[in-house]
Amino acid sequence: MTTTSDNQPNLLAPKHWPTWFALGIGWLISQLPYPLQMRVGHWLGNLTHLLLKSRRHVVEVNLQLAFPELDEKARAALVKAHFHSAGKGIVETMLCWWGSDAKVKRLAHFEGLKHLQEAIRSGRGILLLSAHFTSLELGVRMSTMHADVTAMYRPPSNPVIDKVMRASRERQVGKDVIPKSNIRGLIKALRQGQAVWYAPDQSAKNKLSAMVPFFGEPAMTNLATSRLAKMSNAIVLPFFTLRRNDGKGYRVVILPALENFPTDDEIADALRVNQVIEEVVRESPEQYFWLHRRFKRDDGINPYKKSPSG
């Protein structure tokens with residue numbers, strides 16, 4: 001790895017030039033009119049649906065498990081619609097990073113804002129319980145319009161993308177973002193009365209996870225939500241960003257705060273979180289991030305393993 005004198009990677013090294021070039025294209029896309037941006041995203045969706053065969057298989061398995069009632073034709077249409085949504089999500093990331101405040105504000109249509117305002121008046125920290133929908137990056141930015149918000153941050157492996165993403169989020173929230181590994185920083189922010197955007201629906205096998213039903217299927221699930229709420233005395237407020245069907249921006253959906261949460265049963269709390277997310281997914285199933293292996297298990301069963309004939 002090429003590094004600078006202070007052991008930081010040299011982001012101008014030739015190996016990073018393709019990333020900078022791609023980001024330049026992304027900046028140009030971010031300046032286009034919104035309807036044209038969505039057309040570009042639709043085209044990207046067609047391209048990725050064609051090229052990413054292994055990920056298409058993951059989407060197909062996820063949707064078969066989540067929506068067994070769909071016939072083959074309907075499920076294939078939903079797979080294609082998801083790739084269109086994911087393609088738009090790529091464009092929306094560019095819009096989030098470089099779009100003007102005025103443009104992003106015009107696209108945000110808040111529903112249930114009173115729930116956020118009530119939570120703010122309480123003086124307690126607010127855990128904005130979200131999930132990995134394809135518009136999530138834009139949702140983080142929109143969450144800052146009515147609250148003092150920071151966000152959990154999972155550094156990407158590409159250092160150029162890491163720098164751009166981190167700089168964008170910190171510019172939007174006006175403070176340092178919180179790395180995923182910095183649990184102390186997260187709890188401190190909540191105890192100080194801040195709102196933290198938090199999406200716990202992608203989990204790896206570890207001591208903070210367990211098998212909990214999602215769409216009626218066993219799925220590796222993060223148990224940390226209830227622990228964080230208990231340790232910080234934070235309000236847990238469901239918060240989701242969904243693309244509108246009329247092409248006029250986004251529904252920023254804020255649901256009532258979870259009552260009697262957390263309890264002493266972490267599994268029951270995790271199931272409740274999954275059910276909240278599931279209900280929103282059913283409204284716009286193509287917009288959930290089905291490219292992720294959401295139904296990973298710890299019992300040796302791999303639903304994503306292809307059959308010898310497949």
Side-chain angles (χ1 to χ4, degrees), residues 18-49 52 81-111 113 128 130-147 149-156 158 160-175 177 195 197-199 239-254 280 283-284 286-292:
T19 302
W20 284 115
F21 178 77
L23 289 173
I25 298 297
W27 182 89
L28 292 174
I29 292 173
S30 74
Q31 307 306 303
L32 295 173
Y34 180 72
L36 187 53
Q37 288 176 333
M38 292 299 96
R39 289 177 61 184
V40 171
H42 188 92
W43 177 84
L44 285 173
N46 283 333
L47 183 64
T48 54
H49 179 266
L52 301 184
H82 173 65
F83 274 90
H84 290 154
S85 183
K88 292 174 182 177
I90 296 172
V91 172
E92 287 160 351
T93 298
M94 306 299 105
L95 173 60
C96 173
W97 290 353
W98 296 302
S100 69
D101 289 342
K103 183 174 184 178
V104 174
K105 187 175 181 179
R106 285 196 304 270
L107 294 171
H109 303 270
F110 284 81
E111 302 176 14
L113 186 58
L128 293 175
S130 194
H132 287 77
F133 286 83
T134 55
S135 301
L136 72 89
E137 191 73 18
L138 198 55
V140 175
R141 181 168 178 180
M142 290 176 174
S143 72
T144 68
M145 293 179 179
H146 294 280
V149 176
T150 189
M152 293 296 288
Y153 170 70
R154 177 184 293 176
N158 186 311
V160 175
I161 300 295
D162 179 33
K163 179 179 177 63
V164 174
M165 179 184 293
R166 187 175 68 252
S168 170
R169 287 196 175 182
E170 291 179 348
R171 182 175 65 254
Q172 293 158 17
V173 303
K175 59 176 72 70
V177 293
W197 188 94
Y198 178 69
F239 181 101
F240 302 96
T241 306
L242 302 171
R243 202 174 298 112
R244 285 173 48 145
N245 294 328
D246 60 7
K248 295 183 179 180
Y250 304 85
R251 298 172 57 217
V252 184
V253 180
I254 308 170
V280 179
E283 291 185 35
S284 302
E286 77 286 355
Q287 295 190 45
Y288 189 63
F289 199 75
W290 296 113
L291 288 156
H292 172 69

Should Trp197 and Leu136 count as side-chain neighbours, where that means a heavy-atom distance under 4.5 Å? yes

Are Thr134 and Arg243 linked by a side-chain donor-acceptor pair shorter than 3.5 Å? yes

Can you measure from OH (Tyr34) to CZ (Arg39) and round to the nearest 0.5 angstrom? 14.0 Å

Between Val280 and Leu242, is any pair of side-chain heavy atoms under 4.5 Å apart? yes

Of all heavy-atom pairs between Gln37 and Leu32, which one has the smallest distance, and what is that distance? NE2-O, 3.3 Å

Should we count NZ of Lys103 as having more than 12 external heavy atoms under 6.0 Å? yes

Any donor-acceptor pair under 3.5 Å linking the side-chain atoms of Ser135 with those of Glu92? yes

Side chains of His82 and Leu291 in contact at under 4.5 Å (non-hydrogen atoms): yes

Would you say CH2 of Trp43 has more than 12 non-hydrogen atoms from neighbouring residues, nucleotides or ligands within 6.0 angstrom? no

Answer yes or no: is there a side-chain heavy-atom contact under 4.5 Å between Thr241 and Arg251? no

Flag the pair Arg141 / Asp101 as yes when at least one side-chain heavy-atom distance between them is below 4.5 Å, and no otherwise. yes

Between Phe83 and His49, does the ring centre distance come in under 6.0 Å? yes

Using ring pair (Phe, Tyr, Trp, His ring centres under 6.0 Å), reason through Tyr288 and His132 one step at a time and then give a plain yes or no. CA-CA 6 Å; Tyr288 189 63; His132 287 77; 8.0 Å; no

Side-chain contact, heavy-atom cut-off 4.5 Å: Leu138 with Leu95? yes

Using side-chain contact (heavy atoms from CB on, under 4.5 Å), reason through Ser143 and Phe239 one step at a time and then give a plain yes or no. CA-CA 8 Å; Ser143 72; Phe239 181 101; 3.5 Å; yes

So how far is it from Asn158 CG to Lys163 NZ, rounded to the nearest 0.5 Å? 13.0 Å

Would Val164 and Trp97 count as a side-chain contact (heavy atoms from CB on, under 4.5 Å) if you check the C-alpha gap in whole Å, the side-chain angles of each, and the deciding distance to 0.1 Å? CA-CA 8 Å; Val164 174; Trp97 290 353; 3.6 Å; yes

Would a line drawn from the ring center of Tyr250 to the ring center of His109 be shorter than 6.0 Å? no

Rounded at 0.5 Å granularity, tell me how far CD1 in Ile90 sits from OG1 in Thr48. 6.0 Å

Considering non-hydrogen atoms only, spot the tightest contact between Cys96 and Ser168 and give its length. O-OG, 4.0 Å

CE of Met38 to CG of Leu36, rounded to nearest 0.5 Å, is 9.5 Å

Quick one: does any side-chain atom of Gln287 pair with a main-chain N or O of Ser85 as donor and acceptor, under 3.5 Å? no

Looking at His84 and Asn46, what are the two nearest heavy atoms and their distance? NE2-OD1, 2.7 Å

About how many Å separate OG of Ser284 and CZ of Arg244, when rounded to the nearest 0.5 Å? 12.0 Å

Check whether any side-chain heavy atom of Phe289 lies under 4.5 Å from a side-chain heavy atom of Phe133, and answer yes or no. no

Derivation and outcome, side-chain contact (heavy atoms from CB on, under 4.5 Å), residues Leu23 and Ile161: CA-CA 9 Å; Leu23 289 173; Ile161 300 295; 3.9 Å; yes

Is any side-chain heavy atom of Met94 closer than 4.5 Å to one of Trp27? no

Where do Met145 and Lys105 land on the side-chain contact (heavy atoms from CB on, under 4.5 Å) test, with the steps shown first? CA-CA 8 Å; Met145 293 179 179; Lys105 187 175 181 179; 4.2 Å; yes

Rounded distance [0.5 Å steps], NZ in Lys88 versus CD in Glu286: 8.5 Å

Nearest atoms (heavy-atom pairs only) where Val252 meets Ala108: CG2-CB, 4.2 Å

